[in-house]
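In what follows, a single structure is set out as structure tokens and then discussed.
The first residue in the sequence is number 1, and the count goes up from there.
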Amino acid sequence: MIKLCDRLPPTDQLGGLLMQYYALIVQRMRDMGLDIDPAAPESALAEFWANSGDYLPPNGCLVVARSSAGDLVGCGMLKRLDQDTGELKRVFVVESARGTGVGRALIKARESAARQMGLRRLVADTLTPNVEMRRLYPRLGFVELDGPIETTTYRDQPMLGPHMHFFSKDL
């Protein structure tokens, strides 16, 4: 079940899911040879909570996926970058739900929300080892760009630039 949230899910549920996401991203960064602070997942989660309003209406959206038992199994976020552009952030699906179409549904739900917000373009970035997203974005009509674009991650962590892939889709 995919749900567009008008408020944040319970902190323990969303925080637990995001910690899995951040741990996976940090591990992939370490696998690329980057020296990452052991406290990075906790720092990233704290930063999310500090800026969580960016991912709620009217300038963003948070979409969650729940299993038939009601457990949180995925999430995805969207935030407005400017009048016409939204950025997809933190799409994550737990391992047990991967390959079931949840990731695709999370992206489609955010596309629909972006249209309702009056956005004309979506952008996203992902790291080289995130092969799941590098495959999924083009299947959903996103075009991989030749060079970097001013996404949040690119601005906040420029050292990741050489390891990032950038995508765009006109709505």
Do Leu14 and Val73 belong together in a cluster built from hydrophobic side chains that touch within less than 4.5 Å?
yes
Applying a strict under-4.5 Å side-chain criterion to I, L, V, M, F, W and Y, I'd like to know whether Leu81 and Leu171 cluster together.
no
Atom pair CG (Leu88) and CG (Leu78), whose distance is rounded to the nearest 0.5 Å:
6.0 Å
For the pair Asn59 and Asp54, evaluate side chain to side chain contact (heavy atoms under 4.5 Å, CB included) and give the outcome as yes or no after the intermediate values.
CA-CA 6 Å; Asn59 290 313; Asp54 292 348; over 6 Å; no
Give, for atom CG of Asp84 and atom CE of Met117, the distance between the pair rounded to the nearest 0.5 Å.
11.5 Å
Gln83 versus Arg120: any side-chain heavy-atom pair under 4.5 Å?
no
Restricting to non-hydrogen atoms, name the atom on Gly74 and the atom on Leu106 that form the minimum distance, rounded to 0.1 Å.
C-CD1, 4.1 Å
Do Ile107 and Leu18 share a hydrophobic cluster, counting only Ile, Leu, Val, Met, Phe, Trp and Tyr and linking them when any side-chain heavy atoms are less than 4.5 Å apart?
no
About how many Å separate NE2 of His165 and NE2 of His163, when rounded to the nearest 0.5 Å?
10.0 Å
Rounded to the nearest 0.5 Å, how far does CG of Leu72 lie from CD of Gln13?
6.0 Å
Run Val123 and Arg121 through side chain to side chain contact (heavy atoms under 4.5 Å, CB included) and show every step you take.
CA-CA 7 Å; Val123 296; Arg121 179 173 79 124; 3.7 Å; yes
Side chain to side chain contact (heavy atoms under 4.5 Å, CB included) involving Leu145 - partner list, sequence neighbours excluded:
Ile149, Phe166, Ser168
Summary of side chain to side chain donor-acceptor pair (under 3.5 Å) pairs that have at least one residue in residues 101-118, sequence neighbours excluded:
Glu111-Lys169
Going by the rule side chain to side chain contact (heavy atoms under 4.5 Å, CB included), which residues pair with Asp37 if we only count those two or more places apart in sequence or in a different chain?
Ala39
A side-chain contact here means heavy atoms from C-beta on lying under 4.5 Å apart; do Thr85 and Leu119 qualify?
no
If you look at every heavy atom in Arg66 and Pro9, which pair is closest and at what distance?
NH2-CB, 4.4 Å
Might you work through the side chain to side chain donor-acceptor pair (under 3.5 Å) test for Thr151 and Lys89, ending with a clear yes or no?
CA-CA 10 Å; Thr151 59; Lys89 300 291 293 175; over 6 Å; no
Taking the side chain as everything from C-beta on, heavy atoms only, tell me whether Thr153 gets closer than 4.5 Å to Met164.
yes
Residues that Glu150 engages under side chain to side chain donor-acceptor pair (under 3.5 Å), provided they are two or more places apart
none
Tell me, do Leu17 and Phe92 make a side-chain contact under 4.5 Å, heavy atoms counted?
yes
Please say yes or no: joined through hydrophobic side-chain contacts below 4.5 Å, possibly via intermediate residues, are Phe48 and Val94 part of one cluster?
yes
Side-chain contact, heavy-atom cut-off 4.5 Å: Val91 with Thr126?
no
Side chain to side chain contact (heavy atoms under 4.5 Å, CB included) between Arg7 and Leu62, intermediate numbers included:
CA-CA 8 Å; Arg7 63 179 189 270; Leu62 169 66; over 6 Å; no
In the structure I gave you, are the side-chain heavy atoms of Leu45 and Tyr22 within less than 4.5 Å of one another anywhere?
yes
Shortest non-hydrogen contact from Leu4 to Cys61?
CD1-CB, 3.6 Å
Do the side chains of Met32 and Gln27 get nearer than 4.5 Å, heavy atoms only?
no
Closest non-hydrogen atoms of Cys5 and Pro57, given as atom of the first, atom of the second and distance, are O-CD, 4.0 Å
Those residues at least two apart in sequence (or on a different chain) that pass side chain to side chain contact (heavy atoms under 4.5 Å, CB included) with Arg28 are Leu24, Pro129, Asn130, Glu132
Does Arg98 use its side chain to pair, donor to acceptor, with the backbone of Val93 at less than 3.5 Å?
yes
Can you measure from CE (Met77) to SG (Cys75) and round to the nearest 0.5 angstrom?
4.5 Å
In sequence, state the C-alpha distance, the side-chain angles, and the governing distance for Val64 and Met1, and then conclude on side chain to side chain contact (heavy atoms under 4.5 Å, CB included).
CA-CA 8 Å; Val64 296; Met1 174 178 72; over 6 Å; no
Would you say Asp125 and Phe167 make side-chain contact, with heavy atoms under 4.5 Å?
no
In Å and rounded to the nearest 0.5 Å, what is the CE to CG distance from Met19 to Asp12?
14.0 Å
Treat each ILVMFWY residue as a node, draw an edge where side-chain heavy atoms are under 4.5 Å apart, and state whether Tyr21 and Ile2 are in one component.
no
List the atom pairs, with distances to 0.1 Å, where a side-chain N or O of residues 133-142 and a protein N or O form a donor-acceptor pair under 3.5 Å, not counting sequence neighbours.
| residue | atom | partner | partner atom | Å |
| --- | --- | --- | --- | --- |
| Arg134 | NH1 | Thr128 | O | 2.5 |

